[in-house]
Amino acid sequence: MAFFLRPVDVIRLENSGPDSWTVYWKRNFDFLPGQVVALSIFPSGVQRLYSLATGNHAEEVGILFNLAPGGALTPLLQAVRPGHRIYVSDPFGSFVGFKGPAFWIANGTGVAPFLSMLDSGLIEDKVMIHGARTREYFLGQETFSSLLRESYVRCASADQGKGLFQGRLTTYLSSRDWIKTVPYYLCGSASMIVEARDILISRGVPFKNILSEVYF
Amino acid sequence: MNPKTVLFGKTLEELKKLAEELGQKSFVGTQIAKGLYQRRVSSFSEMTDLSLPLRQRLEAEYELGLTLPNKVDASIDGTKKYLFPAAGKFIEAAYIPDTDRKTLCLSSQVGCKMGCLFCMTAKQGFQANLSVNEILNQVRSLPEGNELTNVVYMGMGEPLDNLENTLKSLEILTADWGMGFGVQRVTVSSIGLMPALETFFSRTRVRFALSLHNPFEDERAQLLPVQNVHGLAQIIGFLKSIQDTDARRLSIEYIAFAGVNDTPRHVKELVRLLHGLKIRVNLIRFHPIPGTPLIGSDESTLVRMRDALSERGIPTTIRRSRGQDIYAACGLLSTKALLQNSNQQDF
Ligand SMILES: Cc1cc2nc3c(=O)[nH]c(=O)nc-3n(C[C@H](O)[C@H](O)[C@H](O)COP(=O)(O)OP(=O)(O)OC[C@H]3O[C@@H](n4cnc5c(N)ncnc54)[C@H](O)[C@@H]3O)c2cc1C
Ligand code: SF4
């Protein structure tokens, strides 16, 4: 039992960072930025969920993935080449972006929905706070810094240098006051989300303004 | 030296295969299963229905794989919370004795990936899936294991996120050749992962409890992030679609939070959502966890909710709080043990 998937042909596979790739195919559905698809390499193989990482008007649609060594799907996905067939569900999910101010907080490939939101034109009044170990692990950083400029913050837990906040994302969140009336979108690992959410709540942000997408 | 293969936690099929690999007839696998799960042997030498050379070979090359708990907190009401070592960390199992039943609440994962706002286990993040051995060891190595009448998968972790091991453990727990618990004495609780839920229903007959906690999809997402991908409409729709052919008992777990999900508006929506479904609701008191913005509903609100739901045809009970003096929350004991050495660096 599984999601219903349709075949699509891979257009290209791009290296997007250390151990990370984006796989593209011709857009075969409409979607809201922030939504996910189920994906498989085979018609009835292992399925995993991925956030769409591209704009909802673009001709090509793509997902950004991290290689999980020993994983059931990503080692195979990393081996696909242009023309290969993969299998994708219709988009679904309610972690979707809207116009208006919002804080985006992400680690790892959890940047994917925010790349989609930016590419879909949701740029104004957005602040992105991005956590990673060292500078090469900030996936999508060129896009974020060129579109969000000073509203893009990179928190490096094990790196230092120009333009980086030196410390964990959670240290950054703990060291500031936060607006209580705007939505906060959190996306990435469960441990990041739980820690970040606890900090925001302890700084007075109502939990009702915090929306989370956990990559479980 | 290679670690010995663990036998406790293997299914009948796996044990039969193993017997054949050892040059035995496949029925020897059934004998081993009965020794492991019914006679509850604590060494291979007690499997006297097997030949002596086979027992000696099992002793040399295999192990039972039973692990005792290394900590227990006992409540004045008889509830005991055990800490078992598992996957290099700790898991909790709660023994809850009552007049008519003795229940074990067991864990299926170390930590959890689901990030529910009200949950202490969520604060550990995900550490590991429990093996079938580690899930069932909680039943077998519980000092009160012999007295158990009921088993509920409601401890740490999301059972459907560890689907294959959960299903195998259920098979062993409920099989005639296994631990022999009646399917109506075993309940799996889940926040509702699709399509794992469909697989669970197609491969088991045990009872199911859905952790619902809010009937409004947008509000539920504030408590349970999973709602963003596996929505209530889909889950309830699935439960409705199978109820004509699947007679197992279904229930809803509903932790009542003051002002968050306990208003007449929520009751009304819950009635609408559950309309047409034969299901009962368990209202649960919230035991606050450190740093939570949530407060448990007061007693009179719980009673009002129970009566309102019952009057509208949904049998509803308020779950009795057990072990409150030791309880705090599921995951608290093990989270304390774990957080002492956590140092996550990837964000
Ligand atoms: C809503 C949603 C959206 C997602 N979007 C994305 C996305 O955009 N990009 C992306 O790269 N991934 C995303 N994921 C995760 C993705 O679905 C897969 O889980 C991931 O790609 C690994 O797949 P795999 O089959 O290769 O590895 P698996 O076979 O699932 O596992 C590989 C190894 O990693 C371990 N493991 C798995 N998950 C965890 C965890 N959370 N913490 C610690 N260990 C773990 C396993 O035990 C195993 O050893 C998303 C998940 C969800 C639920
Ligand atoms: S409530 Fe259950 S599913 Fe949610 S985080 Fe806790 S253990 Fe996981």
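The sequence lines fix the lettering, A, B, ..., with proteins before strands; numbering per chain opens at 1. All of these numbers come straight from a predicted model, not from anything done at the bench.
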Problem set entry | Largest heavy-atom contact set with chain B, pairs under 4.5 Å, which of A/F207, A/F95, A/Y172 | A/F207
Exercise. Looking at A/G108, A/G131, A/A196, A/G34, which makes the most heavy-atom pairs under 4.5 Å with chain B?
Worked result: A/G131
Problem set entry | Residue A/S202 versus chain B: region with a heavy atom under 4.5 Å | neither
For this session: Heavy-atom distances under 4.5 Å only: say whether A/I201 touches chain B with side chain, backbone, both or neither.
Result: side chain
Problem set entry | Options B/E158, B/Q227, B/E219, B/H230, ranked by heavy-atom pairs under 4.5 Å with chain A, top entry | B/H230
For this session: Given side chain to side chain donor-acceptor pair (under 3.5 Å), test B/T301 with B/D298 step by step and report yes or no.
Result: CA-CA 5 Å; B/T301 307; B/D298 60 27; 2.5 Å; yes
Seminar exercise, completed: Applying a strict 4.5 Å limit to non-hydrogen atoms, the region of A/L49 in contact with chain B is side chain
Exercise. Which answer fits A/F92, side chain, backbone, both or neither, if we ask what part of it has an atom under 4.5 Å from a heavy atom of chain B?
Worked result: side chain
Problem set entry | A/R203 CZ: over 12 foreign heavy atoms closer than 6.0 Å | yes
Exercise. Do A/R154's NZ or CZ and the ring of A/Y137 fall within the cation-pi criteria of under 6.0 Å and 45°?
Worked result: no
For this session: Answer yes or no: is there a donor N or O on one side and an acceptor on the other, between the side chain of B/Q124 and the main chain of B/T121, under 3.5 Å?
Result: no
Seminar exercise, completed: Which of B/C105, B/S190, B/S211 passes side-chain contact (heavy atoms from CB on, under 4.5 Å) with B/M154? Answer is B/C105
For this session: May I ask you to decide if B/E134's main-chain N or O and B/S131's side chain share a donor-acceptor pair within less than 3.5 Å?
Result: yes
For this session: Among the options A/N209, A/I193, A/D198, A/I210, pick out the one with the most heavy-atom pairs lying under 4.5 Å from chain B.
Result: A/D198
